[in-house]
Amino acid sequence: GRVEPDMDVTEPGGVASGDVQPSSAGNVWAVSMTGVRRILHVLPDLSRGGGQVVVLELVARCDRTRFDPFVCALGGPSELADAFGSAGATLVSLHGGGVSQLAALVRTIGRLDIDLVHVHSDSDRKIGQLAALLKRVPVIGHLHSPWAHLEPMYEPGDPWFVRWSSRAKARLRSEVERRAVAHYIAVGGEVARFHSDRLTAPITVVNNGIDTERFVPGLPADQLAARS
């Protein structure tokens, strides 16, 4: 995938601006939107992890004249549930697994009239992309690290049938992701460059940032006192 220029991290609005149209890159959708759109962030749980905190900041700071955020947790724990609620997100809990959880997510996307699904990690990526593909809703894939998530996953000493199964699953994951994901967000230039030859959809860099409203530079005297 090609790497797009850096964007401002204070809003998730830069990934989308017309109608949802078929993509020339070979996947189902290219994202181009106007008006208020319903965004469903899919997470493995609501624990205080890196991806969850990124989503919490996106929800808290997104432009509500353009986006209506929903957050779906696929399991527990739910440590950040109150924080997401205070930030204005509508929470959906889909505990379980397998085909029943996939079916529940497909129904949720339809019932909530979701316009865009945003996935963040391995477990939510697998189920979220497939559910979105079945509902023909575009996906934003968030790349938080330089990890080749589409590669087969087996050890060198594993038996042949384990290696075969892993390669088959990797091909299936790659095909679903190629068809489902309209655009990727990478948390830095190195992450984007790592994935650029592995993925087909465009990648935009949105650097992780510091909340300058919460963390402000201190006066020189304060800085000296902190060092002493």
Side-chain angles (χ1 to χ4, degrees), residues 7-16 31 33 35-97 100-132 135 137-145 149 180-188 191 204 206-215:
M7 290 166 40
D8 190 342
V9 74
T10 58
E11 294 182 4
V15 298
V31 182
M33 296 180 174
V36 178
R37 297 292 175 164
R38 294 185 159 204
I39 312 300
L40 179 65
H41 294 274
V42 186
L43 291 168
D45 53 52
L46 299 181
S47 63
R48 190 176 293 278
Q52 290 86 340
V53 172
V54 168
V55 175
L56 180 58
E57 292 296 327
L58 289 175
V59 167
R61 296 173 180 279
C62 70
D63 183 352
R64 297 309 171 88
T65 67
R66 300 175 64 192
F67 303 109
D68 186 8
F70 296 75
V71 175
C72 173
L74 300 178
S78 55
E79 179 184 356
L80 291 178
D82 290 342
F84 275 106
S86 298
T90 301
L91 295 177
V92 179
S93 178
L94 293 180
H95 291 204
S100 61
Q101 190 176 48
L102 172 63
L105 183 54
V106 170
R107 290 193 298 270
T108 297
I109 292 172
R111 176 172 55 85
L112 297 178
D113 196 22
I114 296 298
D115 296 297
L116 184 74
V117 173
H118 194 151
V119 297
H120 296 267
S121 63
D122 191 41
S123 56
D124 55 83
R125 183 184 295 117
K126 292 175 182 175
I127 187 173
Q129 289 177 168
L130 183 53
K135 291 299 291 182
V137 172
V139 173
I140 295 294
H142 213 119
L143 305 171
H144 293 271
S145 64
H149 60 275
V181 176
H183 207 108
Y184 291 97
I185 294 173
V187 298
V191 174
T204 294
V206 181
N207 289 298
N208 288 332
I210 296 174
D211 184 351
T212 55
E213 294 178 2
R214 294 171 57 194
F215 303 98

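Throughout, numbering of the chain's residues begins at 1 and tracks the sequence. The figures here come from the full heavy-atom set of this structure, side chains too, leaving out hydrogens, waters and symmetry mates.
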H142 side chain reached by V187 side chain, heavy atoms, under 4.5 Å: yes
Point-to-point distance, once rounded to the nearest 0.5 Å, from CG of L40 to CG of L112: 7.0 Å
Which residues share a side-chain hydrogen bond (donor to acceptor under 3.5 Å, both in side chains) with S123, sequence neighbours left out: none
Non-hydrogen atoms of I109 and A132 that approach each other most closely: CD1-N, 4.0 Å
Reported CG-to-NZ distance for the pair L130 and K135, which is rounded to 0.5 angstrom: 13.0 Å
Nearest atoms (heavy-atom pairs only) where A180 meets Q129: CB-O, 3.7 Å
Interatomic spacing from NZ in K126 to CG in L102 - rounded to 0.5 Å: 13.0 Å
Partner residues of D45 under the salt bridge (charged side-chain N to carboxylate O under 4.0 Å, His left out) criterion, sequence neighbours left out: none
Result block: side-chain N/O donor-acceptor pairs under 3.5 angstrom for residues 69-86, not counting sequence neighbours:
unit_1: E79; atom_1: OE1; unit_2: R48; atom_2: N; d: 3.3
unit_1: E79; atom_1: OE2; unit_2: R48; atom_2: NE; d: 3.3
unit_1: S86; atom_1: OG; unit_2: D82; atom_2: O; d: 3.0

Whether Q101 side chain and L94 backbone form a donor-acceptor pair below 3.5 Å: yes
ring-ring contact (aromatic ring centres under 6.0 Å, His included) pairs, two or more places apart, involving residues 36-65: H41-H118, H41-H120
Under the side-chain hydrogen bond (donor to acceptor under 3.5 Å, both in side chains) test, residues paired with S121 that sit two or more places apart: D124
Heavy-atom closest contact (L116 atom, I114 atom, distance): O-CG2, 3.3 Å
Ion pair check, R38 and D115, cut-off under 4.0 Å: no
Where V181 and G141 come nearest, the two heavy atoms and their spacing: CG1-N, 4.0 Å
Least distance between heavy atoms, A89 atom then V59 atom: CB-CG1, 3.6 Å
Contacts of T65 that satisfy side-chain hydrogen bond (donor to acceptor under 3.5 Å, both in side chains) - sequence neighbours left out: D63
Shortest non-hydrogen separation from V191 to A186 and the atoms involved: CG1-CB, 4.0 Å
